[in-house]
Amino acid sequence: MSDIAASVPTVVRTRFAPSPTGYLHIGGARTALFNYLLAHRLGGKFILRIEDTDQARNIERADEKLIEDMRWLGLIWDEGPGVGGPAGEYHQSRRLTVYRQHAQRLLDSGKAYYAFDTREELDAMRKAAESAKRRFRYPRPAQFPSESDAQRARSEGRPVVVRFRMPERDFVVNDLLCGEGGVRIASSEVDDFVILKNDGWPTYHFAVVVDDQDMLVTHVLRGQEHLMNTPNHLGLQESLGFRTPVYAHLPVILNMDGSKMSKREKDAAVRNAAKAAITSGASSEGALRAATGAEPDSFAAWLRGDVQLDSAALDRLAAALEVQPPEIQIHDFRASGYVPAVLLNFISLLGWSPGEDREKMSMAEMCSLFSLERVGRTNARFDRAKLLNFNTTALAAMDTPSKRTLLRDYLVLHDDSPLAALDDAMLDRLIDMCPGVRLLRDVETKCRALFVADDALRLDPAARDKVLLKNERAGLRTLEALASRLDTLPEWKASAIDALVRNFAEEQGLKLGDAAQPVRVAITGTTVSPPLFESLELLGRERSLARIRGTIRSLSVV
RNA sequence: GCCCCCAUCGUCUAGAGGCCUAGGACACCGGCUUUUCAAGCCGAGAACACGGGUUCGAAUCCCGUUGGGGGCGCCA
């Protein structure tokens, strides 16, 4: 046992212990946040530990995306990957010897034993239990196999695992959130679970107990899905002579429809869009497959719903289909243009309330206000509309340089945008032209037409019909009349253009919108843009008139 | 199926037996403002799941029912 494990924690120490399966999930972010807040509130330490003990699922450097999202949110850990700490290694995959030593200790003292069952045998036993309407419990042998039995099994090619001899008694989980005075779980509900897999790696239950001891974790805040596992951990702690940390099992975050929020959903949304595009003839399977870069067979399997696409391929496909799949992982929210502090504020309210009708908080405020007593116990639904409102008000209250920093971050993720190459002064100008935006993405979608080449401008057919061609081309005639006046305007400034268009409208007995919209469509191709006169000024007289004349020409040739 | 957790407006929540004619926020609806989209302003509607107790008094405590969620892996 290491030195650190022998000492007794004197300060609060929390940890977030995800398995690295890609970007950080929204539910995981909330768990991490609560652990972070508790540690900071109580002057303790927040630890990040990577639970990468599943070799089948682990890919090289799988924790990178997770860490990227954590950092982006500002959930900075005091100990863990990249910063180190007293425990040395914070990846479970690098702590194998520690787990094996403890397992051996249990084996030697008869508190754990070898088992040699195959998957098929276990499946058969579970099936039998199910048809007999019994809960399956592993049949503990009267006599535990010896070390040489294990050797023989191995040489015969049988699987060899180590099972924990679970103490035969009821367990009470003293949970701060669930139950009153603890959750009692009967002895009949637990059994001898595996602690060391056939591949020699520890299972989650085992590694988590060893690490929480070694890392001096005092408070475990985790998802409610872990509540029923806790007796396993209590049993292990008892048999290993470890401390038991304080537990608090957090309620779950669900979708608005009450279903579980998972990456599957994003996958399904894109699949539906892909199928619709193929059915309607808007695209072909081959073209979509090319967008993903997938092999024909695996793409077909994905279309059938047999497998999921990796997130990068999914994002590319969504972009090609021009759909916005629901954001599930933190990276998705980042790519949509949410503000990290807002995201944290919003998810903090999912299960926690500071009281006094308080909602909008900075990280520092949350840190000083947080307490477990005010964490709720009911599952929460993830209301994207409310998040969007939070983001909108936060952006409205932010100064231009702060927004620019966020817009830069957005553009780094969207480097194909025509805005990506602009300098700070220009970005600031655009930001100021777009008050009231809901997402950083809105700045980009509103302004991008001003930065594409004049001949690359796409005229939206719906906008063209509605604004220019409707009513016997009234809009187009207005545009023609305005074009010649704009041509002779002495000073190409927003205020001057404003006055010109207003005068024109009044003179013609038109509403301002009737004069402005045709110009907007002509210079941006759509009905949505930053304020028109400023847009014209920014574009400049020549390019503005070139676009207007180009639009007129393209519609006159009919 | 068995076990566990949970239950206030559509959603997130405030509510620790009388301050509750149940408060706030978002959404929704109506109106105003407006060169587009947003944003903004004003206003309205909207909840204690149900049934029994306990108590002078219950959203609040107890029991049951119903509903929702989770667990029952060599996944975490």
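On a predicted model such as this, the values are computed, not experimentally measured, just so you know. Sequence lines set the chain letters: A, B, ... in the order given, protein chains first and strands last, and positions in each chain run from 1. Side chains included, hydrogens not; waters and symmetry mates left out as well; all remaining heavy atoms used.
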> Taking atom P of B:rC74 as reference, at what distance in whole Å does atom CG of A:Asn232 sit?
Replying inline: 11 Å
>> At 4.0 Å (heavy atoms only), tell me whether A:Arg384 reaches a base, stays on the sugar-phosphate, or touches nothing.
In response: nothing
> Once you round it to whole Å, what is the distance between P of B:rG73 and NZ of A:Lys197?
Replying inline: 15 Å
> Does any nucleotide pair with B:rC20 by Watson-Crick or G-U wobble geometry, both distances under 3.5 Å, and what is it?
Replying inline: none
>> A quick test of your reading: do over 12 heavy atoms of other residues, nucleotides or ligands sit less than 6.0 Å from CD of A:Glu356?
In response: no
>> Within the 4.0 Å heavy-atom criterion, would you say A:Asn229 contacts the bases, only the backbone, or no part of the nucleic acid?
In response: base
> If you measure from the P atom in B:rC12 to the same atom in B:rU34, how many Å do you get, rounded?
Replying inline: 38 Å
> Should A:Ile26 and A:Arg30 be marked as a side chain to side chain contact (heavy atoms under 4.5 Å, CB included) after you check the CA-CA gap, both sets of side-chain angles, and the distance that decides it?
Replying inline: CA-CA 6 Å; A:Ile26 193 78; A:Arg30 204 241 349 222; over 6 Å; no
> Taking only residues two or more places apart in sequence or in another chain, which ones pass side chain to side chain donor-acceptor pair (under 3.5 Å) with A:Arg135?
Replying inline: A:Glu189
> Roughly how many Å is it from CD1 in A:Ile26 to C1' in B:rC12, rounded to a whole number?
Replying inline: 14 Å
>> Base, sugar-phosphate or nothing for A:Arg222? Non-hydrogen atoms, less than 4.0 Å.
In response: nothing
>> Regarding A:His205, tell me which of base, sugar-phosphate or nothing describes its non-hydrogen contacts under 4.0 Å with the strands shown.
In response: base
> Residues in side chain to side chain donor-acceptor pair (under 3.5 Å) with A:Arg158, at least two apart?
Replying inline: A:Glu121
> A:Ser529 near the nucleic acid: base, sugar-phosphate alone, or nothing, with a heavy-atom cut-off under 4.0 Å?
Replying inline: base
>> Can you confirm if the aromatic rings of A:Phe171 and A:His233 lie within a centre distance of less than 6.0 Å?
In response: no
>> Going by the rule side chain to side chain contact (heavy atoms under 4.5 Å, CB included), which residues pair with A:Ser259 if we only count those two or more places apart in sequence or in a different chain?
In response: A:Asn255, A:Asp257
> Does a side-chain N or O from A:Thr53 land closer than 4.0 Å to OP1 or OP2 of B:rA76, or not?
Replying inline: yes
>> What is the separation between atom CZ on A:Arg377 and atom P on B:rC6, rounded to the nearest whole Å?
In response: 6 Å
> Say you pick atom C1' in B:rC61 and the same atom in B:rG67; how far apart are they, in whole Å?
Replying inline: 22 Å
> Do the numbers put A:Arg448 on top of the ring of A:Phe451, so that NZ or CZ is under 6.0 Å from the six-membered ring centre and no more than 45° off the axis?
Replying inline: no
> What is the distance, rounded to the nearest whole Å, between atom CD of A:Glu189 and atom P of B:rC5?
Replying inline: 11 Å
>> Holding to side chain to side chain donor-acceptor pair (under 3.5 Å), I want the full list of residues that pass it with A:Arg100, two or more places apart in sequence or in another chain.
In response: none
>> Nearest heavy atom decides the nucleotide; on that basis, is A:Thr378 or A:Asp117 closer to the 5' end of RNA chain B?
In response: A:Thr378
Anything under 3.5 Å between a donor and an acceptor, one on a side chain of residues 159-168 of chain A, the other on a protein residue two or more places apart or in another chain? List them.
| residue | atom | partner | partner atom | Å |
| --- | --- | --- | --- | --- |
| A:Arg163 | NH1 | A:Asp192 | O | 2.7 |
| A:Arg165 | NH1 | A:Gly110 | O | 3.4 |
| A:Glu168 | OE2 | A:Arg140 | NH1 | 2.9 |

>> Rounding to an integer number of angstrom, what distance separates B:rU33 and B:rG43 when you compare their C1' atoms?
In response: 15 Å
>> What is the distance, to the nearest angstrom, from the CG atom on A:Asp191 to the C1' atom on B:rC3?
In response: 13 Å
> Among all residues two or more places apart in sequence or in another chain, which pass the ring-ring contact (aromatic ring centres under 6.0 Å, His included) test with A:Phe16?
Replying inline: none
>> Just to be sure I understand the rule, does A:Gly223 reach a base, reach only the sugar-phosphate, or reach nothing, if contact means heavy atoms closer than 4.0 Å?
In response: nothing
> Between B:rA22 and B:rC3, how far is it from one P atom to the other, in whole Å?
Replying inline: 40 Å
>> Expressed as a whole number of angstroms, how long is the span from A:Met433:CE to B:rA38:P?
In response: 18 Å
> How does protein reach along nucleotides 19-35 of chain B, written 5' to 3' as B (base within reach of a heavy atom under 4.0 Å), S (only sugar-phosphate), or - (no contact)?
Replying inline: ----BBBBS-------B
>> Rounding to an integer number of angstrom, what distance separates B:rA14 and B:rA7 when you compare their P atoms?
In response: 11 Å
> Given the C1' atoms of B:rA44 and B:rC56, what is the spacing between them in whole Å?
Replying inline: 38 Å
> Between A:Ile431 (CD1) and B:rC37 (P), how many Å, whole number?
Replying inline: 23 Å
> If pairing requires Watson-Crick or G-U wobble contacts with both distances under 3.5 Å, which nucleotide is the partner of B:rA25?
Replying inline: B:rU11
>> Does B:rG1 have its OP1 or OP2 closer than 4.0 Å to a side-chain nitrogen or oxygen of A:Arg134?
In response: no
> Side chains of A:Asp432 and A:Thr400: do they bring a donor and an acceptor to under 3.5 Å?
Replying inline: yes
> What is the base-pairing partner of B:rG73, counting Watson-Crick and G-U wobble geometry with both distances under 3.5 Å?
Replying inline: none
> Given that both distances must come in under 3.5 Å, which nucleotide forms a Watson-Crick or G-U wobble pair with B:rC50?
Replying inline: B:rG64
> What is the nucleic acid contact for A:Pro159, judged by heavy atoms within less than 4.0 Å: base, sugar-phosphate only, or nothing?
Replying inline: base
> Which is true for A:Thr392 with a 4.0 Å heavy-atom rule: it touches a base, it touches only sugar-phosphate, or it touches nothing?
Replying inline: sugar-phosphate
>> Please classify the nucleic acid contact of A:Thr527 as base, sugar-phosphate, or nothing, using heavy-atom distances under 4.0 Å.
In response: base
> For A:Glu365, which residues count as a side chain to side chain donor-acceptor pair (under 3.5 Å) partner, sequence neighbours excluded?
Replying inline: A:Arg358, A:Ser362
>> What's A:Val183 touching, base or sugar-phosphate or nothing? Going by heavy atoms closer than 4.0 Å.
In response: sugar-phosphate
>> Would you call the rings of A:Phe144 and A:Tyr113 parallel, tilted or perpendicular, taking 30° and 60° as the class edges?
In response: parallel
>> I'd like the C1' distance from B:rA25 over to B:rA76, given in whole Å.
In response: 35 Å
>> Does a side-chain N or O of A:Arg126 approach OP1 or OP2 of B:rG73 to a distance below 4.0 Å, or not?
In response: yes
> Which part of the nucleic acid, if any, lies within contact of A:Gly376, taking any heavy atom under 4.0 Å across all strands shown: a base, the sugar-phosphate backbone alone, or nothing?
Replying inline: nothing
> In the strands shown, is B:rU34 matched to any nucleotide by a Watson-Crick or G-U wobble pair with both distances under 3.5 Å, and which?
Replying inline: none
> Quantified in whole Å, what is the P atom distance between nucleotide B:rA46 and nucleotide B:rG53?
Replying inline: 30 Å
> With the sugar-phosphate defined as primed atoms, P, OP1 and OP2, and the base as all remaining atoms, what B/S/- string results for nucleotides 61-70 of chain B, 5' to 3', for protein heavy atoms under 4.0 Å?
Replying inline: --------SB
>> Any base atoms under 4.0 Å from A:Asp175, or only sugar-phosphate, or nothing? Heavy atoms, all strands.
In response: nothing
